[in-house]
Amino acid sequence: QVQLVESGGGLVQTGSSLRLSCAASGRTSSRYAMGWFRQARGKEREFVAAISWSGGSTLYADSVKGRFTISRDNAKNTESLQMNSLKPEDTAVYYCAARGTVAPASSSRAYDYWGQGTQVTVSS
């Protein structure tokens, strides 16, 4: 079992930056890929970014490519999402996720563990 806790959300203006973090605890000795998803009000949860266990492979949604960067620190059991050039359409609850295999994935069904989410609001 892996527990995930997100932090770093908040209210920012268009064009600003935010850095989200996700701390993992529990069975962190296992190798697992991690990802970020988001869900805007009234919409389905959507993929944002994912990273392999080693950090050598990453995936991004087209909507965030070039603006967001995912990273991880296995020594600290954390992953981060650096979000730059934020837009109002980035407003959502952002969820950290982990899956019990080393390869990243873009489907939410591929993930076994989820955090509670952190709100990101981008004002225009």
Side-chain angles (χ1 to χ4, degrees):
Q1 195 80 351
V2 176
Q3 292 78 45
L4 304 171
V5 178
E6 304 94 337
S7 62
L11 170 64
V12 296
Q13 294 185 328
T14 297
S16 299
S17 297
L18 268 180
R19 186 176 182 88
L20 304 183
S21 294
C22 176
S25 61
R27 196 175 175 182
T28 56
S29 59
S30 299
R31 298 186 173 192
Y32 49 94
M34 299 188 76
W36 287 96
F37 290 78
R38 66 187 181 187
Q39 187 167 18
R41 187 172 296 182
K43 295 187 177 181
E44 293 189 354
R45 190 170 298 189
E46 66 173 3
F47 170 73
V48 176
I51 189 166
S52 62
W53 164 249
S54 68
S57 179
T58 57
L59 301 173
Y60 292 96
D62 288 343
S63 59
V64 306
K65 207 170 288 184
R67 300 188 298 123
F68 291 10
T69 302
I70 189 171
S71 60
R72 66 187 298 163
D73 184 338
N74 289 341
K76 297 181 179 178
N77 294 319
T78 60
E79 75 159 344
S80 297
L81 184 68
Q82 177 66 42
M83 306 186 295
N84 298 330
S85 303
L86 284 162
K87 305 175 182 179
E89 50 263 45
D90 294 318
T91 295
V93 177
Y94 283 70
Y95 296 91
C96 171
R99 63 191 299 250
T101 185
V102 300
S106 60
S107 171
S108 61
R109 288 179 236 178
Y111 289 82
D112 305 300
Y113 307 104
W114 293 86
Q116 293 299 308
T118 185
Q119 177 71 47
V120 171
T121 303
V122 184
S123 64
S124 57

Q) Does some side-chain heavy atom of P88 sit less than 4.5 Å from a side-chain heavy atom of T14? A) yes

Q | K43 atom NZ: more than 12 heavy-atom contacts under 6.0 Å | A | no

Q. Between the side chain of T91 and the main-chain N/O of V122, is any donor-acceptor distance below 3.5 Å?
A. yes

Q) In Å and rounded to the nearest 0.5 Å, what is the CZ to OG distance from R67 to S85? A) 7.0 Å

Q.
If I compare all heavy atoms of S17 with all of N84, which pair ends up nearest, and what's the gap?
A. OG-OD1, 2.9 Å

(Q) If you apply the rule side-chain contact (heavy atoms from CB on, under 4.5 Å), what do you find for M83 with L20, and how did you get there? (A) CA-CA 8 Å; M83 306 186 295; L20 304 183; 3.7 Å; yes

Q) Roughly how far, to the nearest 0.5 Å, is the OG atom of S52 from the CZ atom of R31? A) 11.0 Å

Q. Is there a donor-acceptor contact under 3.5 Å from the side chain of N74 to the main chain of S54?
A. no

Q | A33 versus R72, closest heavy-atom pair with distance | A | CA-NH1, 3.8 Å

Taking only distance into account, with no hydrogens and no angle test, what donor-acceptor pairs under 3.5 Å do side-chain atoms of residues 94-101 form with protein atoms, sequence neighbours excluded?
unit_1: Y94; atom_1: OH; unit_2: R38; atom_2: NH1; d: 2.9
unit_1: Y94; atom_1: OH; unit_2: D90; atom_2: O; d: 2.6
unit_1: R99; atom_1: NE; unit_2: A110; atom_2: O; d: 3.1
unit_1: R99; atom_1: NH1; unit_2: A103; atom_2: O; d: 2.3

Q.
Testing the basics here: between L4 and A24, what is the closest heavy-atom pair and its distance to 0.1 Å?
A. CD2-CB, 3.7 Å

Q: Treat each ILVMFWY residue as a node, draw an edge where side-chain heavy atoms are under 4.5 Å apart, and state whether I51 and V102 are in one component.
A: yes

Q.
Checking I70 against E79 for the side-chain contact (heavy atoms from CB on, under 4.5 Å) test, could you report, in this order, the C-alpha distance in whole Å, the side-chain angles of both residues, the deciding distance, and whether it holds?
A. CA-CA 7 Å; I70 189 171; E79 75 159 344; 3.5 Å; yes

Q) How close do S106 and F37 get, heavy atom to heavy atom, and via which atoms? A) O-CE2, 3.6 Å

Q) Can you list every pair that meets side-chain hydrogen bond (donor to acceptor under 3.5 Å, both in side chains) and has a residue in residues 107-120, with sequence neighbours left out? A) Q119-T121

(Q) Are W36 and V12 connected into the same hydrophobic cluster when the rule is that any two of I, L, V, M, F, W, Y join if their side-chain heavy atoms are below 4.5 Å apart? (A) yes

Q: Hey, could you give me the OG1/CZ distance between T69 and R19, rounded to the nearest 0.5 Å?
A: 8.5 Å

Q.
Determine whether a donor-acceptor pair (N or O, by modelled atom type, separation under 3.5 Å) exists between the side chain of E6 and the backbone of G117.
A. yes

Q) To the nearest 0.5 Å, what is the distance between CD (Q13) and OG (S124)? A) 9.5 Å

(Q) Is there a continuous path of hydrophobic side-chain contacts, each under 4.5 Å between heavy atoms, that joins L81 to L86? (A) yes

**Q.** Closest contact, heavy atoms only, F47 versus A105
**A.** CE1-O, 3.6 Å

Q | Distance-only polar pair, side chains of R27 and Q1, donor-acceptor under 3.5 Å | A | no

